[in-house]
2 protein chains.
Amino acid sequence: MAVTIKKIAELAGVSVGTVDRALNNRKGVNQEVAGRIKEIADSVGYVPNTVAKGLVARRKEVKIGVIIHTPKHAFIEELLAGIQAANKKIADYGVEIMARYGEGYDADSQIRMIDELVDEGIHALAIIPLNDKRVVDKLEELRKRGITVALMVSDIDVDCLAYVGCDLYRGGRIIGGLAGMLGGRDSKVVYCTAPLEILGNVRRLDGLKDVLQERYPDIHLLGVCELQNDDLAAYRQAAIAFKEYRDADTIVVTTGCTKGVLSAIEETVFEKKVNVITLDLAKPVEQAMARGLVQATVVQHPFLQGKKVIETLFNYVVMGKVPDSKKIYIDTDIKIYESIF
Amino acid sequence: MAVTIKKIAELAGVSVGTVDRALNNRKGVNQEVAGRIKEIADSVGYVPNTVAKGLVARRKEVKIGVIIHTPKHAFIEELLAGIQAANKKIADYGVEIMARYGEGYDADSQIRMIDELVDEGIHALAIIPLNDKRVVDKLEELRKRGITVALMVSDIDVDCLAYVGCDLYRGGRIIGGLAGMLGGRDSKVVYCTAPLEILGNVRRLDGLKDVLQERYPDIHLLGVCELQNDDLAAYRQAAIAFKEYRDADTIVVTTGCTKGVLSAIEETVFEKKVNVITLDLAKPVEQAMARGLVQATVVQHPFLQGKKVIETLFNYVVMGKVPDSKKIYIDTDIKIYESIF
DNA sequence: CTGTTAGCGCATTCAC
DNA sequence: GTGAATGCGCTAACAG
C-alpha cells in the first residue's frame with residue numbers, strides 16, 4: 001500500500017490540509033512545519049496519487065486549443081486522429097479540446113485564430129506554427145498571459161512548454177542516407193518539398209544537404225522543387241520540373257500531396273529507372289510502393305505526434321508535470337515494401 | 001460537463017446504486033429497470049469516468065506477474081524498462097508487478113516460475129512463452145483459474161487475452177526486403193538466428209524465406225546459423241560458420257548477442273565486402289553502424305512492447321477493458337546510420 | 001430488488 | 001497557520 005498524505009499527516013502530527021499545503025508549496029504554512037513535512041514525505045518516499053489528483057482536477061474544466069493552419073492532408077488527418085485519441089483519454093479529467101483549421105500560410109489568419117481561441121478561454125494551445133515574427137510575438141504574449149503553448153510538427157524559435165514532433169533535420173539526414181544507399185555514390189537527386197514557410201521543411205532540406213556533403217559528396221542534388229500543397233498544382237509544377245531533370249535517378253518527395261507528384265514521375269521519361277523516396281504513408285504512397293515505384297518511405301508517426309502534444313499539455317496544465325525536455329522528439333522511421341505487404 | 005451515473009439516476013428516477021448495477025450487468029436488478037437505465041445511458045451518451053473507476057480500483061490490490069525466461073540482453077533490458085514505465089503509471093491504481101527471470105530454454109523451469117507466481121496470488125501474467133506443450137497446458141490452466149495471461153515478444157498458439165509484440169514473420173520479410181535492396185538480386189545471404197525454441201525466431205526465418213522466394217528468387221540463402229545467446233559462444237560458432245560461407249555478401253544477425261557475431265564478421269575474410277543487417281539497437285550494433293559495418297538494423301521497440309503488455313493487462317484486469325484485438329502488434333521499423341548519427 | 005452510505009486520495013473552502 | 005469538512009465519480013457493503 002503506497003503512502004498517502006493522510007499517513008504523512010499522521011506521522012507529522014498535523015492535518016492533511018497542512019500536508020497538502022506544505023508539499024505543494026502553497027502559502028499559509030509555518031516554514032518549520034513545512035520543512036518537517038517535506039522531510040517526512042521524502043523519507044517515506046511519498047508519491048502523489050495521480051488518479052486522485054485527476055478526479056479533483058475534474059472540478060475546473062480545462063480547455064486546450066488546437067490550431068492546424070495548413071491544408072488537410074493524410075498527415076494532418078492522422079495527426080488529428082492522435083489528438084482525438086488523447087482527447088478521449090483525458091476527457092475524464094474534464095478537459096475539452098477546441099480545434100481550428102485554416103488553409104494556406106497566412107500569418108495574419110493564424111494570429112486571428114489564436115485570438116479567437118484565447119477569447120474562448122483556452123488554458124493551453126497546441127499549434128503548427130508558421131515561421132513569422134508576428135506569430136512568434138503572439139505566442140510570447142500568450143505565455144505571458146499564462147496560456148501554455150506547445151508547438152507541434154514544425155519547430156520554430158519561441159519560448160514555450162515544448163516542441164512535440166519529429167526532428168526534421170534528422171529526417172532530412174535519413175532521406176539523404178537512403179538516397180545514398182539506394183542510388184549509389186554518384187547518383188543524381190531531385191528533391192520535392194512542401195512550402196518552405198513551414199520552417200521544418202527548411203530544416204529537413206538542410207539535413208539532406210548536410211548528409212550529402214558529409215557522406216556522399218559525389219551525389220549531385222540536381223534541383224529542389226518547392227511544390228504547392230494541392231495535388232493538381234503539385235502535379236503540374238512537378239511535371240514541368242521533371243522534364244528539366246530527366247537525368248535524375250533518385251526523386252525525393254516530401255510534400256503532403258504525394259499523389260500528384262507520383263503521377264508526374266510515372267509520366268516522365270527518365271534516362272534511367274528512378275528510385276523514389278517519399279514521406280509518410282498515405283494511400284497514394286502505399287499504392288506506389290505496391291507497384292514498385294516507391295522504394296522507401298520515411299514515416300513520422302503523425303498519430304503519435306498528435307497524441308503526444310495533447311498529453312504533454314495535459315500533463316502540465318492539469319497534473320502540473322513539467323516535460324522532461326523542451327524537445328519531445330517522435331521517431332523518424334523507414335518503411336519499405338515488406339513493411340506493408 | 002460530462003454525464004455521470006448520478007445524473008442518469010435522476011433521469012431514471014432510481015438511485016446511483018441501481019444505475020451502477022444495471023450498467024455493469026451485475027445481478028439483482030429488475031430486467032425492465034435495467035433496460036430503461038441502459039437506454040437512458042445510451043441516449044445521453046454516458047461514458048464511465050475511468051479516473052473515478054481507477055480510484056476505486058485502488059482498494060483491492062492487483063498483482064501482475066512477469067516471466068522473462070531468456071538471457072538478459074539489451075532487448076530484454078529495454079523490455080523491462082518499458083514494463084517499469086508502465087508500472088510507474090499504474091502504481092497509483094494499486095497494481096503491483098512481480099517479475100521472475102530465468103536463463104536458458106527449459107520448459108520445466110518456466111512452469112515452476114508460473115506456479116510460484118500463482119502461489120503468490122497474481123491476477124494476471126505477462127510471459128515470453130517457450131513453445132512447449134507443457135507451457136501451453138499450464139497457461140490454459142491459468143486461464144481456467146481466472147488468471148489473465150498475455151504473451152509478449154514471441155507468440156505461441158494458446159488462448160489468452162492477447163499477444164503483444166512484433167509480428168515476427170513480418171520482421172523476417174522486412175529483413176528479406178532489405179537484403180534484396182542492399183545486396184542486389186543475386187546476392188548470397190547468411191542468416192544468424194537466436195535459438196529456435198522461441199517460436200518467434202522460427203517465424204522470422206519463415207518470413208525471410210518467403211520473401212526471398214516471392215520477390216528475390218535469385219538470392220541464395222547460403223546457410224542458417226542457430227547461435228547460442230552468449231557472446232563468446234556465439235562468436236565461436238559464428239567464426240566457424242563464416243569460414244564456410246566466405247562467398248557471402250550479406251549477413252543477417254538476429255540474435256540478442258550481436259557483439260560476438262559482429263566481431264566474427266570483422267575477423268573473417270570474405271570474398272567481397274559484406275552488407276550486415278542486424279536486429280534492434282544495442283550498443284554493439286550502434287558502434288558497428290558508426291564504423292560502417294552494419295548497413296541497417298530492424299528495430300522492434302522493446303520498450304514499447306513492455307509498456308504495452310502491462311497496459312493491456314491492466315486495462316483488462318483493473319478497468320475491465322477488453323483489448324480491441326488479440327494481436328497487438330508493435331511496429332517493426334528500419335534504422336540506418338543517419339537515424340542515429 | 002433497491003436505496004443509502006462510506007471511502008478511494010487529493011484539493012479546496014470555511015472555520016477557528 | 002492550521003484543522004475539519006466537502007466533493008470529484010464510482011464501487012461495494014450494508015440496510016431495508
Side-chain angles (χ1 to χ4, degrees), chain A residues 1-38 41 44-62 89-95 317-321, chain B residues 1-38 41 44-62 89-95 317-321:
Chain A
M1 207 58 178
V3 27
T4 67
I5 50 168
K6 200 171 151 194
K7 176 150 283 168
I8 294 177
E10 273 175 37
L11 292 172
V14 296
S15 74
V16 290
T18 307
V19 174
D20 178 59
R21 282 185 282 262
L23 295 184
N24 293 290
N25 301 313
R26 296 184 229 282
K27 57 177 182 177
V29 200
N30 187 312
Q31 285 293 341
E32 284 179 47
V33 187
R36 194 158 47 88
I37 291 175
K38 283 184 184 175
V44 296
Y46 168 73
V47 183
N49 187 313
T50 57
V51 183
K53 237 172 152 155
L55 240 205
V56 174
R58 208 179 182 305
R59 284 193 262 196
K60 66 164 188 293
E61 295 217 346
V62 169
K89 267 181 67 180
I90 61 177
D92 288 336
Y93 294 82
V95 177
V317 176
V318 178
M319 308 299 280
K321 193 190 169 300
Chain B
M1 207 59 178
V3 26
T4 68
I5 51 168
K6 200 171 153 193
K7 176 150 286 170
I8 294 179
E10 272 174 38
L11 292 173
V14 297
S15 73
V16 290
T18 306
V19 174
D20 177 57
R21 281 184 284 262
L23 295 183
N24 293 288
N25 300 312
R26 294 185 229 282
K27 55 177 184 177
V29 200
N30 189 311
Q31 286 293 342
E32 282 180 48
V33 186
R36 194 156 48 88
I37 291 175
K38 283 184 184 175
V44 296
Y46 169 73
V47 183
N49 187 313
T50 58
V51 183
K53 239 174 150 151
L55 240 205
V56 174
R58 206 179 183 305
R59 283 193 264 196
K60 67 164 189 295
E61 294 217 346
V62 170
K89 267 181 66 181
I90 62 177
D92 288 335
Y93 294 83
V95 177
V317 176
V318 177
M319 307 299 280
K321 193 190 167 299

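Here is the naming used below: chain letters follow the sequence lines, and residue numbers restart at 1 for every chain.
- When rounded to the nearest whole Å, the span between CG of A:L23 and P of D:dT2 equals 13 Å.
- When heavy atoms are screened at a 4.0 angstrom cut-off, A:V56 is found touching base atoms of the nucleic acid.
- Atoms NZ (B:K27) and P (D:dT11) sit 17 Å apart, rounded to a whole Å.
- Using a 4.0 Å heavy-atom criterion, one finds that B:Y46 contacts the sugar-phosphate atoms exclusively.
- The residue B:V51 sits apart from the nucleic acid: no heavy atom pair falls under 4.0 Å.
- Rounded to a whole Å, the NZ atom of A:K7 is 16 Å from the P atom of C:dG7.
- Between B:L55 and B:G17, the residue anchored closer to the 5' end of DNA chain D is B:L55, taking for each the nucleotide with the nearest heavy atom.
- Contact between A:V3 and A:G45 at its shortest, heavy atoms only, is CG1-O, 4.1 Å.
- Note that OG1 of B:T50 is 9.5 Å distant from CG of A:L55, once rounded to the nearest 0.5 Å.
- Looking at B:R58, its side chain has no donor and acceptor atom pair within 3.5 Å of the base of C:dG7.
- A:R26 comes within 4.0 angstrom of the backbone, heavy atoms only, and of no base.
- Remark on DNA chain C: of its neighbouring residues B:N30 and B:V16, the 5'-side contact belongs to B:N30, judged by nearest-heavy-atom nucleotide.
- At whole-Å resolution of the value, CG in A:N25 and P in C:dA11 are 12 Å apart.
- When the side-chain nitrogen and oxygen atoms of B:S15 are compared with OP1 and OP2 of C:dG3, one or more of them lie within a distance under 4.0 Å.
- Considering only side-chain N and O atoms, B:T18 lies nowhere under 4.0 angstrom from the phosphate OP1 or OP2 of C:dT2.
- Atom P of nucleotide D:dG9 and atom CD of A:E61 are separated by 10 Å, given to the nearest angstrom.
- Between the CZ atom of B:R59 and the P atom of D:dG9 there is a distance of 16 Å, given to the nearest Å.
- Here the nucleotide nearest the side chain of A:K6, chosen from D:dT11, C:dC8, D:dG3, is C:dC8.
- Using a 4.0 Å heavy-atom cutoff across all strands shown, A:D20 reaches at least one base atom of the nucleic acid.
- The distance from atom OG1 of A:T4 to atom CG of A:N49, rounded to the nearest 0.5 Å, is 9.0 Å.
- One can place CD1 of B:I5 at 11 Å from P of D:dA12, the figure rounded to the nearest angstrom.
- Between the side chain of A:N30 and the backbone N or O of A:E32 there is at least one donor-acceptor pair closer than 3.5 Å.
- Along DNA chain C, the nucleotide nearest to A:N24 and the one nearest to B:G28 differ in position, and the one closer to the 5' end is contacted by B:G28.
- Rounded to whole Å, atom P of D:dA13 lies 12 Å from atom CZ of B:R21.
- Note: B:I37 CD1 to B:L23 CG = 6.5 Å, rounded to the nearest 0.5 Å.
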